[in-house]
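Order of the sequence lines sets the chain letters (A, B, ...), proteins ahead of strands, with each chain counted from 1.
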There are 2 protein chains.
Amino acid sequence: MIPDSAAAFPVTVDVVALTVRDGALQVLLVDRLLEPFRGTRALPGGFVLPDESLEDAAARELAEETGVVAPSGNGPGPGHPWHLEQLRTYGPQGRDPRGPVLSVAYLLLAPAFGLPAPGGDAAEAAWFPVPDAEEPGPAGTAPLGALAFDHDRILADGVERARAKLEYSPLATAFCADEFTIGELRAVYEAVWGTHLDARNFHRKATGTPGFLEATGRLRAEGPGRPAELYRLAPSVDPAAAVLHPPLLRPPATPAPPT
Amino acid sequence: MIPDSAAAFPVTVDVVALTVRDGALQVLLVDRLLEPFRGTRALPGGFVLPDESLEDAAARELAEETGVVAPSGNGPGPGHPWHLEQLRTYGPQGRDPRGPVLSVAYLLLAPAFGLPAPGGDAAEAAWFPVPDAEEPGPAGTAPLGALAFDHDRILADGVERARAKLEYSPLATAFCADEFTIGELRAVYEAVWGTHLDARNFHRKATGTPGFLEATGRLRAEGPGRPAELYRLAPSVDPAAAVLHPPLLRPPATPAPPT
DNA sequence: GATGTTGTCGTCAGGATGACGATATCCAGG
DNA sequence: CCTGGATATCGTCATCCTGACGACAACATC
């Protein structure tokens with residue numbers, strides 16, 4: 001019933017897993033153990049199995065290659081702050097030396113987590129800071145820029161999607177634990193956007209946006225400074241679908257003052 | 001080299017082709033000539049050929065089933081106001097009775113155009129108004145809601161993407177001819193969003209947003225009323241990538257006054 | 001000419017934003 | 001104990017953006 005002219009393509013999923021660690025946006029990369037691109041860094045991913053959904057495949061490959069168990073589907077409110085969404089699909093031609101291969105990329109936003117046990121087709125899964133697009137840094141500084149396949153482009157698309165989503169969705173909370181302070185949330189925005197935000201204005205906007213945050217009433221003291229109030233994502237909010245009104249807009253490109 | 005556990009999937013492209021006609025957002029649908037879903041309305045689309053890119057396949061299927069020649073890739077500035085972008089990919093399981101099939105959906109935004117010659121696997125390509133999501137209308141009124149496969153969901157995703165894109169991108173011009181009036185542009189926004197916009201405020205925002213419109217200096221008189229100035233999309237602007245600052249935001253949901 | 005229609009420019013109040021001062025509450029060290 | 005540094009939170013103020021709406025210009029039709 002399916003016409004003969006229709007071709008069947010091998011399909012892979014590749015996961016752009018982002019987190020915020022040490023005040024910087026970081027991406028999860030693996031070292032490829034197999035050809036092609038053996039020894040090259042790449043996004044975790046692999047072939048979709050016959051009876052699998054795309055999302056299940058993304059979660060499975062992430063688990064196999066990094067030991068990380070991602071929830072398939074959106075986590076049940078608090079307890080699963082992770083967010084997994086489809087990014088886009090990269091066409092079958094000219095991206096794999098073995099022949100035409102379709103790749104469906106997924107974007108995972110998660111709090112920083114450890115990397116228990118790499119395995120499968122990859123070794124040495126580790127986090128790498130994502131260099132600012134505007135500031136590629138001096139030669140040799142950027143640890144990225146030479147990924148396998150077309151993963152450089154997929155990573156760039158994923159980072160741009162994440163940056164844009166923080167503006168109009170509550171997904172910044174996907175990088176935080178269940179409960180967090182406004183300062184931690186601001187640090188997420190600053191790390192993902194690579195900008196500096198005024199703490200006072202950010203506090204006013206974040207707490208003043210309806211349907212975003214909910215105060216727990218408890219405090220948390222950590223290090224110096226006045227203890228901060230703990231917040232959580234407002235209940236009955238689907239962080240994948242909710243829209244912030246008004247949005248938190250990125251400050252327009254700040255031209256660095258000439259030194 | 002590709003592992004045996006990797007499955008190969010037939011891949012289709014489906015096109016959500018939207019336009020604005022008669023003051024309403026309309027979608028291009030075909031009547032399926034072949035099983036499955038023979039006789040049911042569906043989005044134009046079909047299987048990807050072995051040596052084809054996804055975008056080429058989308059353009060080809062659109063041409064085959066509707067006689068419409070869409071540009072592959074982004075048109076060269078003025079002369080090709082059409083816009084074709086990838087929407088998302090719908091997983092292989094449970095969407096085609098013939099078995100697992102991957103579908104990559106594309107979104108086409110275009111000015112109203114005629115439908116020269118349906119052919120291929122479809123007949124009777126025609127435009128159908130997209131009902132407002134909020135107002136499904138009385139039973140039997142909505143011409144949609146029973147499309148083949150999972151095309152209802154794909155259409156809903158495409159419409160939502162189009163509505164969101166008008167806010168922060170210059171893509172509303174993709175529904176217009178090369179040169180257009182502010183009134184025509186406003187009619188596009190009103191049709192896509194299903195709302196009413198104040199003509200004076202819209203004029204101020206549209207002409208006041210940098211990097212959006214460029215006045216041609218010429219006028220056009222059509223019907224009654226003062227002739228309107230003709231504008232075109234600002235040159236050296238990639239409508240697919242440009243971002244409007246500030247964005248044109250949809251008015252928040254207008255609760256219908258109780259009658 | 002009167003009237004209706006569409007386009008363009010102004011006005012004005014209210015809300016949102018960015019810059020920044022002021023205060024609260026902690027830690028560290030004299 | 002007291003001071004200084006650090007973080008959190010609250011206020012103030014000028015500016016910009018927005019929505020609501022008045023005013024006028026330039027057309028068609030009667």
Counting any heavy atom closer than 4.0 Å, what does [X] reach on the DNA or RNA strands: base, sugar-phosphate only, or nothing?
{"X": "B/Arg220", "result": "nothing"}
{"X": "A/Gly208", "result": "nothing"}
{"X": "A/Ala228", "result": "sugar-phosphate"}

Note to self: Using heavy-atom distances to pick each residue's nearest nucleotide on DNA chain C, tell me which of B/Gly225 and B/His203 is more 5'.
What the structure shows: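 Its nearest nucleotide being more 5', the pick is B/Gly225.
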
Note to self: On DNA chain C, compare the nucleotides closest to A/Asn201 and A/Arg226; which residue's is nearer the 5' end?
What the structure shows: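 Its nucleotide being nearer the 5' end, the pick is A/Asn201.
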
Next item on the list: Specify whether B/His203 and B/Tyr231 have parallel, tilted or perpendicular ring planes, treating 30° as the upper limit for parallel and 60° as the lower limit for perpendicular.
Entry: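 If you compare the ring of B/His203 with that of B/Tyr231, the planes turn out perpendicular.
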
Whole angstrom is fine here: how far is it from [atom1] in [X] over to [atom2] in [N]?
{"X": "A/Asp198", "N": "D/dC10", "atom1": "CG", "atom2": "P", "answer": "14 Å"}
{"X": "B/Leu219", "N": "D/dA25", "atom1": "CG", "atom2": "P", "answer": "16 Å"}
{"X": "A/Leu230", "N": "D/dA8", "atom1": "CG", "atom2": "C1'", "answer": "12 Å"}
{"X": "A/Leu197", "N": "D/dT7", "atom1": "CG", "atom2": "C1'", "answer": "16 Å"}
{"X": "A/Glu229", "N": "C/dC26", "atom1": "CD", "atom2": "C1'", "answer": "16 Å"}
{"X": "A/Glu184", "N": "D/dT9", "atom1": "CD", "atom2": "C1'", "answer": "16 Å"}
{"X": "A/His196", "N": "C/dA19", "atom1": "NE2", "atom2": "C1'", "answer": "11 Å"}
{"X": "A/Leu248", "N": "C/dT17", "atom1": "CG", "atom2": "C1'", "answer": "11 Å"}

Margin query: I'd like to know whether the aromatic ring centres of B/Trp82 and B/Phe113 sit less than 6.0 Å apart in this structure.
Written below: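 Distance test on ring centres: under 6.0 Å, yes.
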
Next item on the list: Look at the side chain of B/Arg200 against the base of D/dG22 and say whether a donor-acceptor pair falls under 3.5 Å; ignore hydrogens and angles.
Entry: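 Counting by modelled atom types and ignoring angles, a donor-acceptor contact under 3.5 Å is found here.
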
Notebook entry, point to check: On a plain distance test, is the side chain of A/Arg204 in donor-acceptor contact with the base of C/dG18 below 3.5 Å?
Noted result: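 Side chain to base: pair present.
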
Notebook entry, point to check: A/Lys205 side chain: which of C/dT17, D/dT9, C/dC9 is closest?
Noted result: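 Among the listed nucleotides, the one closest to the side chain of A/Lys205 is C/dT17.
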
Next item on the list: Using modelled atom types only, decide if a donor and an acceptor are shared between the side chain of A/Thr66 and the backbone of A/Ala63 within a distance under 3.5 Å.
Entry: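 Checked: no pair found.
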
Checklist line | Within 45° cone and under 6.0 Å: A/Arg88 NZ/CZ vs A/Tyr90 ring | finding: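 Satisfied, under 6.0 Å and within 45°.
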
Item checked: Under 4.0 angstrom between B/Arg186 side-chain N/O and C/dG7 OP1 or OP2 ->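 Answer is yes, contact under 4.0 Å.
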
Notebook entry, point to check: Where each residue is assigned the nucleotide of DNA chain D containing its nearest heavy atom, which of B/Leu249 and B/Pro224 is assigned the position nearer the 5′ end?
Noted result: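 Residue closer to the 5' terminus by nearest nucleotide: B/Leu249.
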
Margin query: Please identify which of these residues, B/Leu109, B/Leu18, B/Leu107, meets the side chain to side chain contact (heavy atoms under 4.5 Å, CB included) condition with B/His83.
Written below: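 Single pass found, and it is B/Leu109.
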
